[in-house]
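Quick notes on the structure that follows.
Reckoned from all heavy atoms, side chains included, excluding hydrogens, waters and symmetry mates.
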Amino acid sequence: MKNHPFHLVDNSPWPLTGSMGLMTMTSGTVLWFHYNEMWLMMMGTVIILLTMIQWWRDVIREATFQGMHTKKVTLGMKLGMILFIMSEVLFFTSFFWAFFHSSLSPSMEIGMQWPPTGVKTFNPMSIPMLNTMILLSSGISITWAHNALLNKNYSQTIQSMIITVMLGVYFTILQAIEYYEAPFTMADSVYGSTFFMSTGFHGIHVIVGTIFIIISTARMIKLHMSNTHHVGFEASAWYWHFVDVVWLFLYISIYWWGS
């Protein structure tokens with residue numbers, strides 16, 4: 001029995017295995033880039049995936065079955081998610097800073113023009129516009145899910161979350177096609193570097209957000225959440241809206257204005 005509202009976390013091996021997996025994957029990436037050997041990176045990725053699955057399992061147990069996530073604990077989690085999203089905003093700000101630094105005053109090395117000489121850019125009215133519509137639609141569907149959950153309409157919540165996941169997967173497939181057909185590479189001057197770094201990291205965030213919502217959907221189907229206790233879903237919705245807003249800035253600045 002505890003006589004306070006806070007959750008004192010039990011001893012857990014997952015921070016240790018997570019750090020080992022990250023170190024292994026990072027070292028493996030260096031090995032892959034320099035010697036074209038992927039085994040160490042793949043091993044690190046497997047360690048991280050196994051850590052994530054078991055760590056999330058423990059958190060779900062604490063939240064749903066052990067009653068550890070009291071109101072004060074959930075408030076702390078919400079504040080932690082807000083701080084995490086703020087750090088992500090600064091992360092993407094660095095890419096936008098690099099893009100505008102190079103595009104507003106192009107240097108002599110890239111022909112003093114933007115886009116640089118020889119770089120054929122994407123048509124912003126083709127796949128990028130379609131992806132914008134997809135992400136905006138997914139923002140509507142995740143908001144629908146949140147409102148349905150607050151009104152205890154669990155069937156509509158699950159339906160709208162599945163729609164959001166489908167739209168996220170569709171976005172990722174279209175971006176993969178766009179990358180495959182790209183007329184330039186990451187090695188094509190600062191334009192290629194800033195384009196693939198910013199849109200690539202955004203694509204990774206879409207994949208992470210999609211997994212986040214898939215886990216929340218599975219928990220919703222198992223009745224782990226209610227209209228008063230759904231911190232995991234709320235965090236996934238905040239994260240998804242953040243991904244939407246970043247894409248709008250990417251589309252306007254890099255695809256439309258930058259081309």
Side-chain angles (χ1 to χ4, degrees), residues 52 56 59-60 63 69 74-97 99 124 127-154 156-175 178 197-221 224-257:
M52 285 163 57
W56 290 347
V59 173
I60 290 168
H69 291 185
T74 55
L75 176 63
M77 288 181 165
K78 288 178 181 179
L79 290 173
M81 191 66 194
I82 290 168
L83 288 172
F84 170 67
I85 290 173
M86 287 173 64
S87 73
E88 293 281 283
V89 169
L90 295 174
F91 176 75
F92 278 100
T93 299
S94 64
F95 297 137
F96 285 111
W97 188 297
F99 175 79
I127 288 181
M129 175 60 82
L130 177 57
N131 269 344
T132 304
M133 294 299 104
I134 289 167
L135 275 190
L136 289 175
S137 301
S138 70
I140 293 168
S141 61
I142 197 73
T143 305
W144 170 29
H146 196 186
N147 279 281
L149 178 58
L150 293 176
N151 290 305
K152 302 182 182 180
N153 192 336
Y154 300 118
Q156 276 196 17
T157 304
I158 293 165
Q159 289 169 16
S160 49
M161 288 174 77
I162 290 170
I163 290 170
T164 307
V165 168
M166 290 170 65
L167 289 169
V169 172
Y170 188 27
F171 176 94
T172 303
I173 291 169
L174 286 175
Q175 192 170 39
E178 182 183 67
M197 281 292 285
S198 53
T199 59
F201 268 111
H202 177 269
I204 291 169
H205 281 69
V206 170
I207 293 168
V208 170
T210 305
I211 295 169
F212 206 165
I213 296 169
I214 289 170
I215 300 296
S216 297
T217 307
R219 294 189 64 198
M220 194 71 68
I221 292 168
H224 286 186
M225 299 181 190
S226 68
N227 64 318
T228 57
H229 193 89
H230 51 267
V231 178
F233 167 77
E234 207 164 11
S236 67
W238 290 352
Y239 188 81
W240 197 254
H241 287 309
F242 159 73
V243 168
D244 283 355
V245 172
V246 169
W247 176 258
L248 288 176
F249 280 101
L250 281 173
Y251 177 76
I252 292 168
S253 58
I254 294 179
Y255 283 101
W256 181 65
W257 180 83

Check the orientation of Tyr239 and His205. Use parallel for under 30°, tilted for 30 to 60°, and perpendicular for over 60°. parallel
What's the shortest heavy-atom distance between [X] and [Y], and which atoms?
X	Y	answer
Phe84	Ser87	O-OG, 2.5 Å
Arg219	Ala63	NH2-CB, 4.2 Å
Met81	Ala235	CE-O, 3.6 Å
Gly139	His241	O-CE1, 3.5 Å
Leu135	Asp244	O-OD2, 3.2 Å
Leu167	Ser137	CD1-C, 3.8 Å

Before we go on, tell me: are the rings of [X] and [Y] under 6.0 Å apart, centre to centre?
X	Y	value
His224	His230	no
Phe171	His202	yes
Trp238	Phe233	no

To the nearest 0.5 angstrom, please state how far the [atom1] atom of [X] sits from the [atom2] atom of [Y].
X	Y	atom1	atom2	value
Leu150	Ser226	CG	OG	10.0 Å
Phe212	Ile215	CZ	CD1	9.5 Å
His146	Met161	NE2	CE	10.5 Å
Thr164	Ile213	OG1	CD1	5.5 Å
Phe96	Ser253	CZ	OG	4.5 Å
Asn131	Ile173	CG	CD1	10.5 Å

Report the C-alpha separation of Leu250 and Trp247 in whole Å, then their side-chain angles, then the decisive distance to 0.1 Å, and conclude whether the side-chain contact (heavy atoms from CB on, under 4.5 Å) test is met. CA-CA 5 Å; Leu250 281 173; Trp247 176 258; 4.1 Å; yes
Looking only at side-chain N and O atoms, does Ser138 offer a donor or acceptor that is under 3.5 Å from a partner on Trp240? yes
Polar side chain donor-acceptor pair, Ser160 to Ser141, under 3.5 angstrom: no
Taking side chain as C-beta onward, heavy atoms only, is [X] less than 4.5 Å from [Y]?
X	Y	value
Ile162	Ile158	yes
Thr132	Leu248	yes
Leu149	Met220	yes
Met225	Val231	no
Phe242	Val89	yes

Determine, stepwise, if the pair Trp144 / Thr157 fulfils side-chain contact (heavy atoms from CB on, under 4.5 Å). CA-CA 7 Å; Trp144 170 29; Thr157 304; over 6 Å; no
Taking atom CH2 as the centre, does Trp256 end up with more than 12 heavy-atom neighbours from other residues, nucleotides or ligands that are less than 6.0 angstrom away? no
Counting only heavy atoms not in Met166, do more than 12 fall under 6.0 Å of its CE? no
Please answer whether the main-chain N or O of [Y] pairs with a side-chain N or O of [X] as donor and acceptor at a distance below 3.5 Å.
X	Y	result
Tyr251	Pro124	yes
Thr74	His69	no
Gln175	Thr199	yes

Residues passing the ring-ring contact (aromatic ring centres under 6.0 Å, His included) test with Phe95, sequence neighbours excluded, are Phe91, Phe201
For the pair Leu130 and Leu174, evaluate side-chain contact (heavy atoms from CB on, under 4.5 Å) and give the outcome as yes or no after the intermediate values. CA-CA 9 Å; Leu130 177 57; Leu174 286 175; 3.6 Å; yes
Does Val169 form a side-chain contact (heavy atoms from CB on, under 4.5 Å) with Thr210? I'd like the steps, not just the answer. CA-CA 7 Å; Val169 172; Thr210 305; 4.1 Å; yes
